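Here's the structure, in structure tokens; my notes come after.
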Amino acid sequence: MDRRPRLSLLGLLLVAGCATTTTEAPKHLPPPPRAATGVDRVMGHDARTLVALFGPPMLDLREGPARKLQFRGPACVLDAYLYPPGGGGELKVTWIDARTPAGAEFDRASCIAALVRR
């Protein structure tokens with residue numbers, strides 16, 4: 001039995017499997033924008049954004065250049081502290097605290113999710 005035709009066919013298949021195509025490499029695409037979740041929905045945002053997200057605050061205190069907005073719901077209370085950026089300008093949230101209505105600690109991201117207006 002002559003093995004040359006089989007070896008030739010096998011050789012062609014191996015060479016064909018190694019062949020490269022001349023298609024262009026995909027261009028780098030930026031990742032799709034992700035929806036802000038949890039603490040990202042609040043940190044760094046202004047008072048208008050918070051009101052749009054949670055509705056009117058239950059408490060709005062101003063002291064010097066700072067402002068504290070408090071939002072309440074059945075599950076938790078969220079305090080957002082807004083300060084002007086280093087170069088001045090509109091106040092932005094730089095810190096948030098969350099607690100239960102009774103005062104116990106509460107996860108900040110969970111509180112934000114519980115307070116968001118649907």
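Not measured: the values here are computed from a predicted model. Basis for what follows: all heavy atoms, side chains included, without hydrogens, waters or symmetry-related copies.
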Could you work out, with side chain to side chain contact (heavy atoms under 4.5 Å, CB included) as the rule, every residue matching [X], not counting sequence neighbours?
X	value
Met43	Val39, Val93, Ile96
Asp107	Ala109, Ser110
Pro85	Lys92

* Output all residues satisfying ring-ring contact (aromatic ring centres under 6.0 Å, His included) with Phe54, sequence neighbours left out; order by chain, then residue number. => Phe71
* Asked: How many angstroms lie between atom CG of Leu115 and atom CZ of Arg41, to the nearest 0.5 angstrom?
  -> 11.0 Å
* Measure the spacing between CG of Leu91 and NE2 of His45 and express it to the nearest 0.5 Å. => 15.0 Å
* Asked: Glu105: what forms a side chain to side chain donor-acceptor pair (under 3.5 Å) with it, not counting sequence neighbours?
  -> none
* So which residues get pulled into Leu61's cluster when ILVMFWY side chains under 4.5 Å apart are joined, directly or through others? -> Leu59
* Hydrophobic side-chain clustering at under 4.5 Å (ILVMFWY, transitive links): who's grouped with Met58? Put none if nobody. => none
* Derivation of the side-chain contact (heavy atoms from CB on, under 4.5 Å) call for Leu78 and Asp97 -> CA-CA 6 Å; Leu78 183 75; Asp97 282 323; over 6 Å; no
* Please collect all salt bridge (Lys or Arg N to Asp or Glu O under 4.0 Å) contacts where either partner lies in residues 42-57, sequence neighbours excluded, each pair once. => Asp46-Arg48, Arg48-Glu90
* Listed by chain and number, what are the salt bridge (Lys or Arg N to Asp or Glu O under 4.0 Å) partners of Arg72, not counting sequence neighbours? -> none
* Contacts of Arg67 that satisfy salt bridge (Lys or Arg N to Asp or Glu O under 4.0 Å) - sequence neighbours left out -> Asp60
* Pairs satisfying disulfide (SG to SG under 2.5 Å), at least one member in residues 43-76, at least two apart -> Cys76-Cys111
* Asked: What are the two closest non-hydrogen atoms of Pro101 and Pro74, and how far apart are they?
  -> CG-O, 3.6 Å
* To do: Taking all heavy atoms of Ile112 and all of Gly38, pick out the closest pair and write down the distance.
  => CD1-O, 3.5 Å
* Asked: Are the charged groups of Asp79 and Arg99 less than 4.0 angstrom apart, N to O?
  -> yes
* Indicate if Val51 and Leu82 have the same hydrophobic cluster label, given that clusters are the connected sets of ILVMFWY residues with side-chain heavy-atom separations under 4.5 angstrom. => no
* All pairs passing ring pair (Phe, Tyr, Trp, His ring centres under 6.0 Å) where residues 76-113 contributes a residue, at least two apart -> none
* Asked: Is Val77 close to Gln70 at the side-chain level, that is, under 4.5 Å between some pair of heavy atoms?
  -> yes
